[in-house]
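Notes follow the structure.
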Number of protein chains: 2
Amino acid sequence: MKNGAKYLAECGLRPSMQRLAIYQYMATHPTHPTADEIFEALKEQIPTLSKTTVYNTLKLFVAHGVVDEVFIDRTSERFDGNTELHAHFLCSNCGAIIDTPIASPETVNSAAPEGVSLAKTQLLYFGTCTKCIENQLNNN
Amino acid sequence: MKNGAKYLAECGLRPSMQRLAIYQYMATHPTHPTADEIFEALKEQIPTLSKTTVYNTLKLFVAHGVVDEVFIDRTSERFDGNTELHAHFLCSNCGAIIDTPIASPETVNSAAPEGVSLAKTQLLYFGTCTKCIENQLNNN
DNA sequence: GTACAATTTTGTAACGATTACAATTTTATT
DNA sequence: AATAAAATTGTAATCGTTACAAAATTGTAC
């Protein structure tokens with residue numbers, strides 16, 4: 001894992017205690033957490049932590065490319081410490097979010113309109129995961 | 001354009017006046033409108049229309065495959081009368097949403113996890129559109 | 001090391017999109 | 001025409017997110 005303080009500094013961000021904690025959390029939890037989940041997880045470690053700080057910090061991280069926002073869940077903003085291009089699958093049944101690699105990024109990006117400046121791509125899948133398919137079969 | 005009443009009936013939906021009006025609006029406005037935009041546009045034509053009805057109807061339409069929800073805008077739900085697979089580009093500068101065809105759907109879908117049941121795919125792009133690129137150049 | 005300025009954090013209040021819910025209206029059925 | 005079922009309506013509530021101003025922390029200059 002990257003050295004948090006160094007990495008944040010490289011990204012132009014002062015590595016405060018709160019920012020470091022949030023960065024560490026993102027780096028060690030590839031679970032696409034929401035701001036609230038991060039807040040709940042860190043408030044024991046940092047009792048004075050404010051939810052506003054978590055929101056502000058994540059917005060700052062997104063602006064500086066430290067994390068990505070994932071648009072797969074409309075009910076709340078989800079964040080991803082892995083900023084490399086990859087796809088996300090959401091199981092409509094159990095809510096699980098599964099990361100998958102994209103074998104051919106060029107092909108995926110090739111559908112973008114001509115002449116635009118492309119900053120980010122998101123490839124999202126929705127359906128039923130294998131576990132839920134099995135469970136549904138067993139319950140019949 | 002499809003016959004609205006017939007099409008809704010085919011989808012298992014009773015073609016009420018409100019539903020027809022919302023369907024017609026979607027069929028004639030490929031602008032990925034929000035529930036509120038549809039409500040504002042239709043309330044002259046149907047003065048008794050309730051915003052709740054628009055929300056309910058759109059949710060029903062999504063459940064019956066009449067329209068799709070597009071996840072490109074986190075601030076509000078956007079809907080698309082075109083349920084064929086295609087990509088969306090959002091200009092972070094002017095907010096324009098551009099539709100583009102996907103030349104190779106198989107390749108785009110091939111990154112989905114193995115064994116899942118895939119119901120929907122969304123390919124989203126974010127960046128700056130050509131108009132905004134030009135404007136930015138001219139203003140320097 | 002102290003004083004001042006800049007940045008960050010915090011808590012509360014506000015906002016806005018969406019949903020819950022119960023009442024009313026419309027439509028279908030007998 | 002009477003009744004039941006379905007759709008619509010309006011209001012209130014919910015919940016994620018943001019605005020804002022005060023407090024705390026950090027960096028800089030002397």
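Just so you know, these numbers use all the heavy atoms, side chains as well, and skip hydrogens, waters and symmetry mates. Within every chain, numbering begins at 1; the chains are lettered A, B, ... in the order of the sequence lines, protein sequences first and strands thereafter. In this text the structure is predicted, and so the values were computed from the model without any measurement.
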**Request:** Give one of base, sugar-phosphate or nothing for Thr48(B), where a contact means two heavy atoms less than 4.0 Å apart.
**Result:** sugar-phosphate
**Asked** So, is Thr53(A) close to the dT10(C) phosphate, meaning a side-chain N or O under 4.0 Å from OP1 or OP2?
**Response** yes
**Prompt:** What is the distance, rounded to the nearest whole Å, between atom CD of Glu77(B) and atom C1' of dG16(D)?
**Reply:** 14 Å
**Request:** Would you please indicate yes or no on a ring centroid separation below 6.0 angstrom for Phe71(A) and Phe126(B)?
**Result:** yes
**Fill in**
Side-chain contact check for Ser50(A): nearest option of dT8(D), dT10(C), dT18(D) is dT10(C)
**Request:** Could you label the plane-to-plane angle of the Phe61(A) and Tyr23(A) rings as parallel, tilted or perpendicular, counting under 30° as parallel and over 60° as perpendicular?
**Result:** perpendicular
**Message:** Both Thr75(B) and Arg14(B) contact DNA chain C. Which one's nearest nucleotide lies toward the 5' end?
**Reply:** Thr75(B)
**Prompt:** Is there a side-chain polar atom (N or O) of Lys51(B) under 4.0 Å from OP1 or OP2 of dT19(C)?
**Reply:** no
**Prompt:** What is the distance from CZ of Arg78(A) to C1' of dT17(D), rounded to the nearest Å?
**Reply:** 15 Å
**Request:** Using whole Å, report how far CD1 of Ile38(B) lies from C1' of dA17(C).
**Result:** 14 Å
**Message:** Taking the minimum atom-to-atom distance to the side chain of Ser76(B), which one of dT18(C), dT10(C), dT8(D) wins?
**Reply:** dT18(C)
**Request:** Determine whether any donor atom in the side chain of Thr52(B) lies under 3.5 Å from an acceptor atom in the base of dT11(D), or the reverse, and answer yes or no.
**Result:** yes
**Message:** Could you tell me how far apart Arg19(B) (CZ) and dA6(D) (C1') are, to the nearest whole angstrom?
**Reply:** 8 Å
**Prompt:** Whole-Å distance between dT18(C) C1' and Glu69(B) CD?
**Reply:** 11 Å
**Request:** Mind checking Asp36(A) for me? I need base, sugar-phosphate or nothing, with any heavy atom below 4.0 Å counting as a touch.
**Result:** nothing
**Request:** Grab the CG-P distance between Asn56(B) and dA22(C) for me, whole Å please.
**Result:** 15 Å
**Asked** Quick check: does any side chain N or O of Glu69(B) sit under 3.5 Å from a backbone N or O of Glu77(B), one acting as donor and the other as acceptor?
**Response** no
**Complete:** Leu58(A) CG to dT8(C) P, in whole Å, measures 15 Å
**Message:** Regarding Arg74(B), tell me which of base, sugar-phosphate or nothing describes its non-hydrogen contacts under 4.0 Å with the strands shown.
**Reply:** sugar-phosphate
**Message:** Could you tell me how far apart Gln18(B) (CD) and dT26(C) (P) are, to the nearest whole angstrom?
**Reply:** 10 Å
**Message:** OP1 or OP2 of dT18(C) versus the side-chain N and O atoms of Tyr55(B): is any pair under 4.0 Å?
**Reply:** yes
**Item:** 5′-ward residue of the pair Leu60(A)/Pro47(A) relative to DNA chain C
**Value:** Leu60(A)
**Request:** Tell me yes or no: between the side chains of Asp68(B) and Thr83(B), is some donor less than 3.5 Å from an acceptor?
**Result:** no
**Request:** Taking atom types as modelled, find out whether Asp73(B) and His32(B) have a side-chain donor-acceptor pair closer than 3.5 angstrom.
**Result:** no
